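For clarity, every value in this text was computed on a predicted model and none was experimentally measured.
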Amino acid sequence: MKEKSMQGKIVKGIAGFYYVHVVESGVYECKAKGVFRKEKMKPLVGDNVELEVLDEDQKKGNITEILTRKNELIRPAVANIDQALVVFAAAKPDPHFNLLDRFLVMMECKEIPVVLCFNKEDAADEEKIKALREIYAGTGYPLIFSSAREEKNIEQIKELLKGKTTVIAGPSGAVSYTHLR
């Protein structure tokens with residue numbers, strides 16, 4: 001029986017297993033073919049890939065080809081990023097400007113568009129919000145002030161993420177990847 005071949009996007013990678021989302025049929029658990037190790041190329045979350053289906057019922061397959069990447073980050077190891085959402089607290093704690101600016105420079109070097117979000121707007125006084133707005137309004141990055149606690153501008157953030165592959169970065173260095181449909 002001939003295996004079926006299709007394209008998808010890697011949405012998660014754990015211990016040598018890659019979870020590939022295929023628009024028409026869902027998520028497949030895949031292994032990467034040995035040829036990638038030989039070529040010293042590792043599949044990354046965000047990669048668009050070709051896969052062969054080994055078991056349609058169990059949603060199992062093998063990644064046979066990694067399609068051309070438009071960009072990639074080493075930390076976190078992700079590829080084909082449409083944008084970065086850089087989130088820092090407006091207060092409690094105060095934003096670490098050096099770290100924030102380093103994130104912005106890194107994304108600029110990789111030509112990844114940035115959305116800059118200051119959360120905890122409810123914890124900052126008007127003077128602090130005004131100062132942050134003055135500092136970053138002229139950068140050209142979309143600027144959002146939000147409050148997760150009060151759910152302020154959360155819908156606006158969801159809209160910005162919709163349909164895009166997004167890296168989310170913050171002061172803890174914790175960086176994640178999201179792809180909202």
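Counting heavy atoms from C-beta on, the side chains of Ile144 and Gln156 come closer than 4.5 Å. By the 4.5 Å heavy-atom criterion applied to side chains, Gln7 and Leu51 are not counted as neighbours. Between Met6 and Ser25, some side-chain heavy-atom pair lies under the 4.5 Å cut-off. A heavy-atom distance below 4.5 Å is found between the side chains of Val86 and Leu116. Taking the side chain as every heavy atom from C-beta outward, Asp82 and Pro113 never approach each other to under 4.5 Å. In this structure, Arg102 and Leu100 have side chains that are not in contact, with every pair of non-hydrogen atoms separated by 4.5 Å or more. Side-chain contact between Val35 and Met41 is absent, with no heavy atoms from C-beta onward closer than 4.5 Å.
Under the 4.5 Å side-chain contact rule for hydrophobic residues, Leu73 and Leu44 do not share a cluster. Under the 4.5 Å side-chain contact rule for hydrophobic residues, Leu67 and Val27 do not share a cluster.
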Q: Applying side chain to side chain contact (heavy atoms under 4.5 Å, CB included), run through Val20 and Val49 and close with a yes or a no.
A: CA-CA 8 Å; Val20 179; Val49 297; 3.8 Å; yes

**Q.** side chain to side chain contact (heavy atoms under 4.5 Å, CB included) assessment of Lys164 paired with Leu161
**A.** CA-CA 6 Å; Lys164 299 216 170 129; Leu161 299 177; 5.9 Å; no

Q: Could you walk me through whether Phe36 and Ile63 pass the side chain to side chain contact (heavy atoms under 4.5 Å, CB included) test, one step at a time?
A: CA-CA 9 Å; Phe36 299 117; Ile63 295 173; 3.9 Å; yes

(Q) Apply salt bridge (charged side-chain N to carboxylate O under 4.0 Å, His left out) to residues Glu56 and Lys4 and explain how you reach the verdict. (A) CA-CA 9 Å; Glu56 185 62 54; Lys4 187 165 100 177; 3.6 Å; yes

**Q.** Intermediate values then yes/no, side chain to side chain contact (heavy atoms under 4.5 Å, CB included), Val167 and Val78
**A.** CA-CA 8 Å; Val167 164; Val78 293; 3.7 Å; yes

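Ring planes of Tyr136 and Phe118: tilted class, angle from 30 to 60°.
When the shell of 6.0 Å around CZ of Arg69 is examined, it contains more than 12 heavy atoms from other residues, nucleotides or ligands. Heavy atoms of other residues, nucleotides or ligands lying less than 6.0 angstrom from CD of Glu72 number more than 12. Environment of NZ in Lys130: sparse, with no more than 12 heavy atoms of neighbouring residues, nucleotides or ligands closer than 6.0 Å.
Rounding to the nearest 0.5 angstrom, the gap separating the CZ atom in Arg133 from the CD1 atom in Ile129 is 7.0 Å. For the atom pair Phe88 CZ and Leu132 CG, the distance stands at 11.5 Å (nearest 0.5 Å). Here the straight-line distance linking atom CD1 of Ile112 with atom CD1 of Ile81 works out to 6.0 Å at 0.5 Å rounding. With values rounded to the nearest 0.5 angstrom, Glu151 atom CD is found 11.5 Å from Asp122 atom CG. For the atom pair Asp47 CG and Ile10 CD1, the distance stands at 5.0 Å (nearest 0.5 Å). In this structure, Ile168 CD1 and Gln83 CD are separated by 9.0 Å, a value rounded to the nearest 0.5 Å.
For Lys128 against Asp125, the heavy-atom pair with the smallest separation is N-OD1, 2.7 Å. Here the closest non-hydrogen pair linking Cys117 and Leu85 is CB-CD1, 4.0 Å.
Looking only at distances, no side-chain donor or acceptor of Asn119 sits under 3.5 Å from a matching main-chain atom of Ala89. A donor-acceptor contact shorter than 3.5 Å is absent between the side chain of Glu159 and the backbone of Ile154. Asn62 places no side-chain N or O within donor-acceptor distance of the main-chain N or O of Lys33, the cut-off being under 3.5 Å. With Lys110 contributing its side chain and Val105 its backbone, the two residues share no donor-acceptor pair below 3.5 Å. Under a 3.5 Å cut-off, the side chain of Asn153 and the backbone N or O of Phe145 do form a donor-acceptor pair. Panel note: side chain Lys120, backbone Lys92; a donor-acceptor pair is recorded below 3.5 Å.
Across Lys9, Lys12, Glu29, a single residue satisfies side chain to side chain donor-acceptor pair (under 3.5 Å) together with Tyr19, and that is Glu29.
For the pair Lys60 and Tyr28, the cation-pi criterion (under 6.0 Å, within 45° of the ring axis) is not fulfilled.
When only modelled atom types and interatomic distance are considered, Glu50 and Ser5 share a side-chain donor-acceptor pair under 3.5 Å.
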